[in-house]
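Here is the structure we will look at.
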Amino acid sequence: MKVGCVKEIKNNEFRVGMTPDNVKSYVNAGHEVLIEKGAGVGSGFMDAEYEAAGAKMIDTAKEVWDTVDMMIKVKEPLPEEYPLFHEGLILYTYLHLAADKPQTDALLNAKVKGVAYETLIERNGSIPLLAPMSQIAGRLSIQEGAKYLEKTFGGEGVLLAGVPGTPKANIVILGGGSVGTNACKIAVGMGANVTIMDINLQRLAYLDDIFGARIQTLVSTDANIEKAVKEADLVIGSVLIPGKAAPKLFKKKYLKEMKPGAVFVDVAVDQGGCGETTKVTYHDDPIYEVDGIVHYCVGNMPGAVPRTSTIALTNATLSYGLQIANKGLEKACSDNDVIYSAINTYDGKLTCKNVADSFDCYDYTDIKSLW
Ligand SMILES: NC(=O)c1ccc[n+]([C@@H]2O[C@H](COP(=O)([O-])OP(=O)(O)OC[C@H]3O[C@@H](n4cnc5c(N)ncnc54)[C@H](O)[C@@H]3O)[C@@H](O)[C@H]2O)c1
């Protein structure tokens, strides 16, 4: 198969769909790999490294799109890229179609086989191509919180770990899933006092098992949240109710009761945020202040660390990508039916039920009925 990768063109997106090591794996499996020149530079991967791994470096994105059977990307294609689609192309990337009718139409009209990272669901219910980004955002949330607690950024001027003879910072984590657990790991490692809340008691029992006496677990109720945030230096928002807007757990009325200069990092901002005062921010201007509380609400946190994010993402995408390239999409699905769940568009049909349900205008087609 001819497999390709182009430079991401979304604003401030520095990740790339394939690393030089990935190229080696595809080449060793007998595939021809075409990479647009400069595609990996934002993640620190130079053209010479791709060439040494066996890739053919191509001057323009158009040439890569026109030539390949399978395109491996990170972000959903932007409108400038729609005219580059061709019938039968396998597009392996994040698609996020439920909120993007123009892209859905473009993929259907061009009869692209759209394979979305975010809908690939393993047999145990996990979403392996989404999880690495939650891990990164969770770990980064403490790092960003620590930074914005510094006085120069309007923060309280508190060091998370403190030093002997001073109080440690109090961190409250709302939601103990992937993001929350990873935030907890870094917060505990830095020596802060950590309280983590969830509505899922089994999840709290798991967190209690792995972190033991180093953390406080609490059931997430309005009363517990209000009490905890009054003493907090850093609050992390990391709740998720799949497919729904995040519940507004962190209320505006709490802000005035909190320590001036405390920081709220709302990682759940991509689902609308779990704070009443949350609004989306970007890496070039990530914070704002409401009632003395510093808010950090960046919707694509992993973009701050593109090298780690690219390696983490491609660690997860490589094995499914190789199955698809080696066998063709259809055979890869029949050998490993998990891959069916990732197919959003096929031969002009919309094959992801959740995406179809998000619109009134499309019929859903079960992908298994097509073969
Ligand atoms: N901003 C970013 O860059 C970025 C990056 C990755 C993930 N995210 C977002 O972070 C959020 C969390 O993702 P995740 O992977 O940890 O999800 P997850 O499903 O692993 O965890 C969510 C947790 O929230 C808990 N929860 C639900 N309702 C709650 C409530 N009322 N109170 C307390 N806990 C509650 C659930 O029980 C679950 O344990 C999602 O919105 C995700 O899209 C954002």
Side-chain angles (χ1 to χ4, degrees), residues 10 12-15 74-75 94 96 98-99 117-122 124-145 172-186 195-208 210 216-229 235-251 254 264-276 278-283 286-287 295-306 308-309 312-313 316 354:
K10 194 163 182 159
N12 271 306
E13 180 54 69
F14 298 107
R15 287 173 290 176
V74 179
K75 293 306 289 179
Y94 289 118
H96 298 295
Y117 296 161
E118 72 276 8
T119 65
L120 190 144
I121 301 181
E122 266 295 347
N124 63 3
S126 66
I127 312 176
L129 306 185
L130 210 50
M133 297 303 102
S134 288
Q135 291 163 352
I136 288 178
R139 291 178 183 211
L140 199 54
S141 67
I142 302 298
Q143 186 172 316
E144 296 296 340
V172 174
I173 301 172
L174 305 174
S178 296
V179 170
T181 304
N182 280 278
C184 191
K185 199 170 220 170
I186 300 300
T195 300
I196 187 160
M197 301 196 203
D198 207 294
I199 45 171
N200 180 339
L201 290 177
Q202 277 179 347
R203 190 70 197 172
L204 291 179
Y206 166 77
L207 291 166
D208 185 74
I210 57 168
Q216 171 72 61
T217 57
L218 284 178
V219 173
S220 173
T221 61
D222 283 347
N224 278 339
I225 294 172
E226 183 165 12
K227 259 186 267 168
V229 300
V235 178
I236 307 293
S238 48
V239 296
L240 176 68
I241 303 174
K244 290 200 176 159
K248 302 288 182 201
L249 305 177
F250 187 65
K251 308 209 183 303
Y254 301 161
F264 173 47
V265 175
D266 197 352
V267 187
V269 62
D270 59 346
Q271 293 292 124
C274 63
E276 285 182 349
T278 295
K279 58 176 195 222
V280 181
T281 59
Y282 300 92
H283 287 294
I287 55 166
H295 289 52
Y296 172 101
C297 309
V298 173
N300 63 330
M301 293 176 67
V305 287
T308 305
S309 299
L313 176 63
N354 284 347

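Remember, it's 1-based here, ligands and their atoms both numbered in the order they're listed. Just so you know, residue 1 is the first one in the sequence shown, and it goes up from there.
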When you measure from the side chain of K248 to the backbone N and O of G273, does any donor-acceptor pair fall under 3.5 Å? yes
Give me the pairs of N or O atoms, one from ligand 1 and one from the protein, that sit under 3.5 Å apart.
from, atom 1, to, atom 2, distance (Å)
ligand 1, 1 (N), V267, O, 3.0
ligand 1, 1 (N), V298, O, 3.1
ligand 1, 1 (N), G299, O, 3.4
ligand 1, 3 (O), G299, O, 3.1
ligand 1, 3 (O), M301, N, 2.7
ligand 1, 15 (O), S134, OG, 2.8
ligand 1, 16 (O), S178, N, 3.1
ligand 1, 16 (O), V179, N, 2.8
ligand 1, 20 (O), S178, N, 2.9
ligand 1, 24 (O), L240, N, 3.2
ligand 1, 32 (N), S220, OG, 2.7
ligand 1, 37 (O), D198, OD1, 2.6
ligand 1, 39 (O), D198, OD2, 2.7
ligand 1, 41 (O), D270, OD1, 3.2
ligand 1, 43 (O), D270, OD1, 3.0
ligand 1, 43 (O), D270, OD2, 2.6

N/O donor-acceptor pairs under 3.5 Å from side chains in residues 125-142, not counting sequence neighbours:
from, atom 1, to, atom 2, distance (Å)
S126, OG, N124, OD1, 2.7
R139, NE, N182, OD1, 2.8
R139, NH2, N182, OD1, 3.1
S141, OG, G138, O, 2.6

Please list, chain by chain and in numerical order, all residues satisfying side-chain hydrogen bond (donor to acceptor under 3.5 Å, both in side chains) with T278, sequence neighbours excluded. D266
Can you list the residues that meet the side-chain hydrogen bond (donor to acceptor under 3.5 Å, both in side chains) rule with D222, with sequence neighbours excluded? none
Give, for atom OH of Y206 and atom CG of N200, the distance between the pair rounded to the nearest 0.5 Å. 12.5 Å
Atom pair CG/OG1 of N354 and T119 - distance to nearest 0.5 Å: 8.5 Å
